[in-house]
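Single-structure report; data block below.
Computed over heavy atoms, backbone and side chain alike; hydrogens, waters and symmetry mates excluded.
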2 protein chains.
Amino acid sequence: MAAARDVQQVLRGVGLRVTRPRVAVLTAVYAHPHADTDTIIGAVREDIPEVSHQAVYDSLRVLTAAGLVRRIQPSGSLARYEARVGDNHHHVVCRSCGVVEDVDCAVGEAPCLIASDDRGYTIDEAEVTFWGLCSGCSPLEVSERT
Amino acid sequence: MAAARDVQQVLRGVGLRVTRPRVAVLTAVYAHPHADTDTIIGAVREDIPEVSHQAVYDSLRVLTAAGLVRRIQPSGSLARYEARVGDNHHHVVCRSCGVVEDVDCAVGEAPCLIASDDRGYTIDEAEVTFWGLCSGCSPLEVSERT
DNA sequence: ACACAATCTTGACTGATTCAAGAAAGCAGG
DNA sequence: CCTGCTTTCTTGAATCAGTCAAGATTGTGT
C-alpha cells in the first residue's frame, strides 16, 4: 500500500499531471476492481473528503484515455472501471446480483482479437462478456422465480 | 414485406398478445438491424404515428424477454436492438462513427460460450464485441488526430 | 358480443453523466 | 524559491435515456 509513489510514477509515465484527485482515483481503481463510479467516488472521498464528483469523472476519463484503466459497461449496468489492462482478459457478469469477475481468455492469448471476417475493420480490441449466474445466485436446480 | 402476418405468428408463437405496437416494433427491428431506440420509435411511427415512446420501450422489453430480439449496448452507446437471435454471432463497432455490424463467431459454433475457468458460474451467453475502425473511418495510415 | 386482464397513453420523474464559468493548483523557466 | 501560463478542480445547472404510475383502451377466450 506504499503505492502512492508508484502511482505518481505511473501518471508521469504517460505524461499526465499528478494531482491529488488523480492519484486517489487511480489508487481506488486498483483497490476496487470492477467498482462503479459511485463506489470510486466514495473510496476517493476517504482520502480527499471534499472532491467533487466532477473531478472523479474527469480523472476517470483521462485515465481511460491514457490506457491506465479500462471502462467496462455491461448492458443495463453502470459504468465500471478496472486497472488490469493490456492482458486481454474478459468478464463474467452475474445476471442476478450484477457481480463482475475476471476470467482469462478462453482461447489463449491473442486469437480472440481476430474475427472470422473482419469486414474491413481495423480491430484493436475484443471485449468478451460471459453472462450467467454466479455460484451464490445459482439455484441448485434451474427454477423460475416463483 | 408481407411479413405482417408472419410477425403475428411469431408473436403468438411465444405466447404474446398481438398488438399494433408490437407488430410495428418487431417489424422495425427486422428492418433496421442494430438500430437504437430512437430510430425504432421513428420507424414505428411511420406505421402508427401516435405511438408513445413508452409503448415502444415496453414492447422492446417484452420482445427481448421473449427472446425475439436481442438488446446490445456497447459501452458508451445507446441501447440497440437486433432480431437475429440464437445463432451466437458477434459485433464489430466502429469507434469513430459508431456503426455496428455482425460478424460470425471467430471460434466456430459454441466454443465461445466456454470460459477457460468458469469460476462456478452457470454461463448462458457469451457476448463478444470487437472494437476498431470501419473501412470508411480507417485512415490509410495510422495517424493521430492532429 | 362480453368481461377480464394485459397493454397503451399521458405526463411526470429519476439519476448517471455532461457542460460551463470561474477559482485553484501543477509545472517549467528564471 | 518565485512567477506566470496552462491544466485541472469546484460549483451548480442542464441533459437525456429510460422508468414509474394512473387511468383509458384493446386483445382474447368464452
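The side chain to side chain donor-acceptor pair (under 3.5 Å) search around B:Arg71 returns B:Tyr81, not counting sequence neighbours. For B:Thr39, the side chain to side chain donor-acceptor pair (under 3.5 Å) partners are B:Asp36, not counting sequence neighbours. Residues passing the side chain to side chain donor-acceptor pair (under 3.5 Å) test with B:Glu82 are B:His34, B:Arg70, B:His89, B:His91, sequence neighbours excluded.
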What N/O pairs connect the protein and nucleotides 27-30 of chain D at under 3.5 Å? Give each pair on its own line.
{"residue": "D:dG27", "atom": "N2", "partner": "B:Arg17", "partner atom": "NH2", "Å": "3.4"}
{"residue": "D:dT28", "atom": "OP1", "partner": "B:Arg12", "partner atom": "NH1", "Å": "3.2"}
{"residue": "D:dT28", "atom": "OP1", "partner": "B:Val18", "partner atom": "N", "Å": "3.0"}

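Between the CG atom of B:Leu78 and the P atom of D:dC16 there is a distance of 11 Å, rounded to whole Å. The distance between atom CD of B:Gln54 and atom P of D:dC20, rounded to the nearest whole Å, is 9 Å. Atom pair A:Arg61:CZ and D:dT7:C1' shows a separation of 14 Å (rounding to whole Å applied). D:dA21 atom C1' lies 17 Å from atom OH of B:Tyr57, rounded to whole Å. Distance B:His53 NE2 to D:dC20 C1': 11 Å, rounded to the nearest Å. Rounding to whole angstrom units, CG of residue B:Leu60 and P of D:dA17 are separated by 14 Å.
Taking CD1 from B:Ile72 and OG1 from B:Thr64, the interatomic distance works out to 11.0 Å, rounded to the nearest 0.5 Å. Distance CD1/B:Ile40 to CG/B:Leu60: 5.0 Å, rounded to 0.5 Å. The structure places OG of A:Ser77 at 8.5 Å from CD of B:Gln73, a figure rounded to the nearest 0.5 Å. Taken to the nearest 0.5 Å, the SG atom of B:Cys94 stands 11.0 Å off from the CD1 atom of A:Ile123.
Listed by residue number, the members of residues 32-46 of chain A with any heavy atom below 4.0 angstrom from DNA chain C are A:Thr37.
Each of B:Ser77 and A:Val62 was assigned the nucleotide of DNA chain D with the nearest heavy atom; the assignment lying further toward the 5' end belongs to A:Val62. If A:Ala55 and B:Gln73 are placed on DNA chain D by their nearest nucleotide, the residue sitting closer to the 5' end is A:Ala55.
Within a 6.0 Å sphere centred on CZ of B:Arg84, other residues, nucleotides and ligands contribute more than 12 heavy atoms.
In summary, contact between chain A and DNA chain C, defined as any nucleotide atom under 4.0 Å from a heavy atom of the protein, begins and ends at C:dA16 to C:dC27 in the 5' to 3' direction.
Judged by distance alone, the side chain of B:Gln8 and the main-chain N or O of B:Val23 form no donor-acceptor pair under 3.5 Å. B:Arg95 places no side-chain N or O within 3.5 Å of a backbone atom of B:Trp131 that could act as its donor or acceptor partner. At distances below 3.5 Å, not a single donor-acceptor pair connects side-chain atoms of A:Arg22 with backbone N or O atoms of A:Leu11.
Considering only the side chain of A:Ser52, D:dC9 comes nearest among D:dA13, D:dC20, D:dC9. Relative to the side chain of A:Val51, the nucleotides D:dT10, D:dT19, D:dT8 differ in distance, and D:dT10 lies closest.
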